[in-house]
A.B. asks: 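Please see the structure below; I have some questions.
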Protein chains: 2
Amino acid sequence: MRLSTKGRYGVRAMFDLAMHSQEGTITLKSVAQRENISEKYLEHLFANLKKAGLIHSVRGAQGGYRLARSPEEITLGDIIRVLEGPVSPTECVAGGIEAEKCERAQHCVMHLVWNNIREQINQVLDNYTLADICEEQRKLQNGGYMFYI
Amino acid sequence: MRLSTKGRYGVRAMFDLAMHSQEGTITLKSVAQRENISEKYLEHLFANLKKAGLIHSVRGAQGGYRLARSPEEITLGDIIRVLEGPVSPTECVAGGIEAEKCERAQHCVMHLVWNNIREQINQVLDNYTLADICEEQRKLQNGGYMFYI
DNA sequence: CTAATTCCTGCTATTTATCTAGGGATTTCA
DNA sequence: TGAAATCCCTAGATAAATAGCAGGAATTAG
């Protein structure tokens, strides 16, 4: 139940785009440097995020990336599902091809359990937006959270 | 964000123990057969569950395993944390040695994010007990859930 | 004693995660 | 137009984790 670097880097990179959204298009290179992520690796992640419609890209000199929607409209669930696949404790309730194989699903109590867990975890992730993170970052810089009052 | 077989088998095996708790000690072999899990693999899992105090064992002929506490007092979180380690989206908020390495935690907004996610996911897992699963199983057998009314 | 059972240690094949390599395609600016 | 900057694509290399196997030692009921 650990995120891989795909999900973690992805969220950090998207947060980075959100924080610099006023500067127009952001180069992959600058995101990679600020977030200390391998450029080549980040390329793969951005390719998936673009294909999923979460970011737009501008090619050529002075090109770069930007969020496709406002930070309020992008959740951690959106990002993580794109980069890590469906968030689900098991294959059998992930909704893919594997799920079809589980013929006993209708009579299997574990199916109910995992499905319940799946729904709740997705709800948690979908309730957290990039805007929320930006807000927390703002508070941090103001010292609000600094001393864990 | 997928459970490995450790966690899944572990939950199923513990549920199996709960369902047969009236029969005294349950042999590993019978659990493995009913749940279709490799005996040798299940040995490792039971060793960990025992070390963690979730089950008791009786050695020798007629021996076997039984739950150390009542099904109401054992949560999915208990089981999964034993077999898969701390449930946490990242190392840096998992509470282990790795967490110490993250010196910037106090000033890092991602730390807040992951910690928030971690707490909520654990809350979901800790709110689900073996007794809950037994109850769902009972309803299934009565046909209550059978047709997804 | 003997059969059944847990307990312990180590090994290994397979898969997955993470990152690297290298080049190609596209666009902008001078 | 041409060069620089950037996105785009495919393949593979390395390391770690997963999932399971093997063999036997220790324990106990009958």
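We use all heavy atoms of the structure for the numbers below, so side chains are in, but hydrogens, waters and symmetry mates are not. Just so it is clear: chains get the letters A, B, ... in the order the sequence lines come, proteins before strands, and each one is counted from 1. Just so it is clear, the structure is predicted and the values come from calculations on it, not from any experiment.
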A.B. asks: Does anything in residues 9-29 of chain B pair up under ring-ring contact (aromatic ring centres under 6.0 Å, His included), and if so which pairs, sequence neighbours excluded?
C.D. replies: B:Y9-B:Y41
A.B. asks: Rounded to whole Å, please give me the gap between CD in B:E91 and C1' in C:dA17.
C.D. replies: 14 Å
A.B. asks: Please list, chain by chain and in numerical order, all residues satisfying side-chain hydrogen bond (donor to acceptor under 3.5 Å, both in side chains) with A:R59, sequence neighbours excluded.
C.D. replies: none
A.B. asks: So among A:L125, A:I80, A:D16, which one has a side chain to side chain contact (heavy atoms under 4.5 Å, CB included) with A:V11?
C.D. replies: A:I80
A.B. asks: Return the value, rounded to whole Å, for the distance between atom CG of A:L42 and atom P of C:dT18.
C.D. replies: 14 Å
A.B. asks: Go along nucleotides 8-13 of chain C 5' to 3' and tag each nucleotide: B for a protein heavy atom under 4.0 Å from its base, S when only backbone or sugar atoms are that close, - otherwise.
C.D. replies: BBB---
A.B. asks: Can you name the residues that form a side-chain hydrogen bond (donor to acceptor under 3.5 Å, both in side chains) with B:K40, not counting sequence neighbours?
C.D. replies: none
A.B. asks: Using heavy atoms and a sub-4.0 Å distance, could you list which residues of residues 2-18 of chain B are near DNA chain D? By number, please.
C.D. replies: B:S4, B:T5, B:K6, B:Y9
A.B. asks: A:Y128: what forms a ring-ring contact (aromatic ring centres under 6.0 Å, His included) with it, not counting sequence neighbours?
C.D. replies: none
A.B. asks: Restricting to side chain to side chain contact (heavy atoms under 4.5 Å, CB included), what partner residues turn up for A:Q120, sequence neighbours left out?
C.D. replies: A:N116, B:V124
A.B. asks: If each of A:G60 and B:S57 is mapped to the nucleotide of DNA chain C with the nearest heavy atom, which maps nearer the 5' terminus, i.e. the 5' end?
C.D. replies: B:S57
A.B. asks: For B:K51 and C:dT6, give me the distance from atom NZ to atom C1', rounded to whole Å.
C.D. replies: 16 Å
A.B. asks: Contact boundaries of DNA chain D with chain A (under 4.0 Å, heavy atoms), 5' to 3'?
C.D. replies: D:dA5 to D:dA11
A.B. asks: Provide the full list of ring-ring contact (aromatic ring centres under 6.0 Å, His included) pairs with a residue in residues 63-82 of chain A, sequence neighbours left out, each pair given once.
C.D. replies: A:F46-A:Y65
A.B. asks: For DNA chain D, determine which residues of residues 19-36 of chain B have any heavy atom closer than 4.0 angstrom to one of its atoms, and list them numerically.
C.D. replies: none
A.B. asks: Applying side-chain hydrogen bond (donor to acceptor under 3.5 Å, both in side chains), name anything that partners A:R118, two or more places apart in sequence or on another chain.
C.D. replies: A:N115
A.B. asks: Base, sugar-phosphate alone, or nothing: which one does A:Y65 contact when heavy atoms must sit under 4.0 Å apart?
C.D. replies: sugar-phosphate
A.B. asks: Rounded to the nearest 0.5 Å, how far does CD1 of B:I79 lie from CG of B:L45?
C.D. replies: 11.5 Å
A.B. asks: Taking CG from A:L45 and P from C:dT20, how many angstroms apart are they, rounded to a whole number?
C.D. replies: 13 Å
A.B. asks: Can you name the side-chain hydrogen bond (donor to acceptor under 3.5 Å, both in side chains) partners of B:E73, sequence neighbours left out?
C.D. replies: B:S70
